[in-house]
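To keep things clear, I will list the structure first and then write my remarks on it.
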There are 2 protein chains.
Amino acid sequence: MAKTPVRTRRSGSQLSREAIIEASLRIAARGSGDAFTVRRLGEELGADPTAVYRHFRDKDELLLSVADRVYGEVVESIPDGLGWKDRLRALAEVSLRVGLKYPAVASITASRTTRRANEFRLVELILGAINEAGLDGADAALHYRAVADALLAHVGQAAAYALFTPEARAGDESSWMREYRMVDAERFPHITRLSAELAEVRPAPVYTVQVEALIAAIEARAAAVAGGEDAVV
Amino acid sequence: MAKTPVRTRRSGSQLSREAIIEASLRIAARGSGDAFTVRRLGEELGADPTAVYRHFRDKDELLLSVADRVYGEVVESIPDGLGWKDRLRALAEVSLRVGLKYPAVASITASRTTRRANEFRLVELILGAINEAGLDGADAALHYRAVADALLAHVGQAAAYALFTPEARAGDESSWMREYRMVDAERFPHITRLSAELAEVRPAPVYTVQVEALIAAIEARAAAVAGGEDAVV
DNA sequence: CCACGTAGCGCAACAGTGTTGACATCTATG
DNA sequence: CATAGATGTCAACACTGTTGCGCTACGTGG
């Protein structure tokens with residue numbers, strides 16, 4: 001009542017799925033500052049929050065659509081002309097970078113399947129790399145899932161971590177400095193000996209270790225298959 | 001209003017952190033049926049929901065305490081007398097099993113650090129295995145994180161998946177059967193060729209591939225270090 | 001043995017979330 | 001031009017975590 005509408009109503013640019021998705025991405029890109037909520041989305045659009053429900057059945061469908069848009073940003077950032085190893089490495093690097101660009105989306109989508117266009121492009125890309133490595137059939141499907149799940153999980157975890165309040169994040173980080181240095185040296189000799197190194201581990205190398213481990217596993221399996229073995233792990 | 005209290009008030013057994021944690025585990029073990037909410041917790045305890053706040057600062061602290069209890073269940077299920085590889089394999093298997101026993105806890109805790117007693121025991125266990133494999137210093141810390149993050153992420157993802165409503169889960173599962181079989185064969189040849197195999201991949205072998213890949217990575221790094229290389233990835 | 005201070009608990013309420021149904025209004029179509 | 005359908009607004013509902021206020025029963029000091 002007597003609330004001046006932010007946008008002169010029906011002034012040309014109506015709402016659309018595209019506009020809503022882009023507004024969602026703008027909010028998600030702002031990070032943990034303001035959460036990705038329907039009311040916040042309405043504010044960003046200069047419209048009533050519930051107007052979104054005229055274009056998406058519920059927030060879940062909106063989220064999957066936004067996620068697929070993000071997948072598009074990922075797949076289009078992968079350069080052409082790379083060997084299968086470097087293509088997987090590029091995919092891993094780009095996924096993490098884009099995922100951290102929209103943490104609110106990446107953290108929720110990590111354990112979902114969008115079943116939309118750009119997801120297909122990503123699956124095709126990974127399958128192509130694995131096929132080029134020398135795997136096919138059940139082996140290819142199995143190792144595709146290993147790679148995809150690992151990437152999604154790591155990106156989702158990193159995104160969720162980025163969404164924490166600064167206090168909670170500081171608590172987690174400083175724990176390696178504080179609590180882990182004070183443990184009983186008798187019961188926890190390894191922690192005691194390595195407390196300094198544990199505190200200094202950065203996320204990027206950890207990610208690299210995981211990705212390289214999977215690449216090596218694919219290579220090893222391909223060599224085994226070429227050598228005559230055919231028992232799937 | 002005329003709501004008969006389930007428990008005669010002050011009848012000997014008052015609330016306690018222990019009792020609240022155990023009630024939380026009972027609820028979490030029931031799966032996606034009823035969510036792990038404060039009000040549901042009060043109901044399970046036969047007490048007012050807000051009574052919980054006399055024993056835990058907020059739900060987050062309760063959750064970390066519950067998670068550490070779950071960690072205890074994990075670490076005590078690892079048999080003694082195993083070599084480092086089998087110890088890591090046992091840890092992976094037990095983590096997933098216990099995580100799926102309490103999906104509501106596992107899904108939220110996946111990207112947290114409890115900084116409590118049982119977490120230390122788990123860290124010490126992993127560090128011990130890695131040390132036995134022949135890694136130390138920054139290498140050990142790095143590979144510890146790779147293993148721990150991968151396990152936590154996968155268990156958390158599997159738990160979150162188990163928490164979905166049956167409809168959403170059915171949609172995800174059938175997508176490999178439905179949508180993925182209908183994609184354009186021209187644009188997505190690999191998906192088309194492997195759609196049957198993709199639909200048949202089960203989670204357990206995928207997890208195995210990831211775990212074995214990390215074990216192999218640790219072994220390879222240990223061999224490289226023993227051979228004279230000392231550059232950390 | 002009694003008073004009292006406090007810890008434990010119940011109750012009502014608040015702010016925030018996603019979502020729905022009724023109403024209004026604008027657009028496009030016949 | 002009239003009407004039907006799509007689109008936006010508003011109020012409200014059910015649910016979440018959380019807090020302030022009171023009451024009550026316990027255990028402890030005098």
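Lettering follows sequence order; numbering is per chain, from 1.
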Name the orientation class of the two ring planes belonging to A/Phe188 and B/Phe120 (parallel below 30°, tilted from 30 to 60°, perpendicular beyond 60°). perpendicular
So the salt bridge (charged side-chain N to carboxylate O under 4.0 Å, His left out) pairs with at least one residue in residues 65-75 of chain B (sequence neighbours excluded) are B/Glu18-B/Arg69, B/Glu22-B/Arg69, B/Glu73-B/Lys101
Is A/Thr37 close enough to C/dG18 that one of its side-chain N or O atoms is under 4.0 Å from OP1 or OP2 there? yes
Between B/Pro49 and A/Val38, just flag the one whose closest nucleotide in DNA chain C comes earlier from the 5' side. B/Pro49
Using a cut-off of 4.0 Å on non-hydrogen atoms, how would the nucleic acid contact of A/Ala51 be classed: base, sugar-phosphate, or nothing? base
Assert yes or no for the condition that the ring centre distance of A/Tyr53 to A/Phe56 is strictly below 6.0 Å. no
Whichever of A/Thr50 and B/Arg40 has the more 5' nearest nucleotide on DNA chain D, that residue is A/Thr50
Identify the heavy atoms of B/Ala140 and B/Leu127 that sit nearest to each other, and give their distance. O-CD2, 4.3 Å
Any residue in residues 54-70 of chain B with a heavy atom nearer than 4.0 angstrom to DNA chain C? Just list them by number, or reply none. B/Arg54, B/His55
In whole Å, I'd like the distance from the CG atom of B/Asp48 to the C1' atom of D/dC23. 13 Å
Whole angstrom is fine here: how far is it from CG in B/Leu41 over to P in D/dC15? 18 Å
Report the distance from atom CD1 of B/Ile20 to atom P of C/dG8, rounded to the nearest whole Å. 10 Å
Any N or O donor-acceptor pair linking the side chain of A/Arg39 to the base of C/dG16 at under 3.5 Å? no
How many whole angstroms separate atom CD1 of A/Ile27 from atom C1' of C/dT17? 14 Å
Ion pair check, A/Arg97 and A/Glu93, cut-off under 4.0 Å: yes
Would you check if B/Tyr161 and B/Leu100 make a side-chain contact, meaning some heavy-atom pair closer than 4.5 Å? no
Rounded distance (Å) that lies between atom P of D/dA12 and atom OH of A/Tyr53: 19 Å
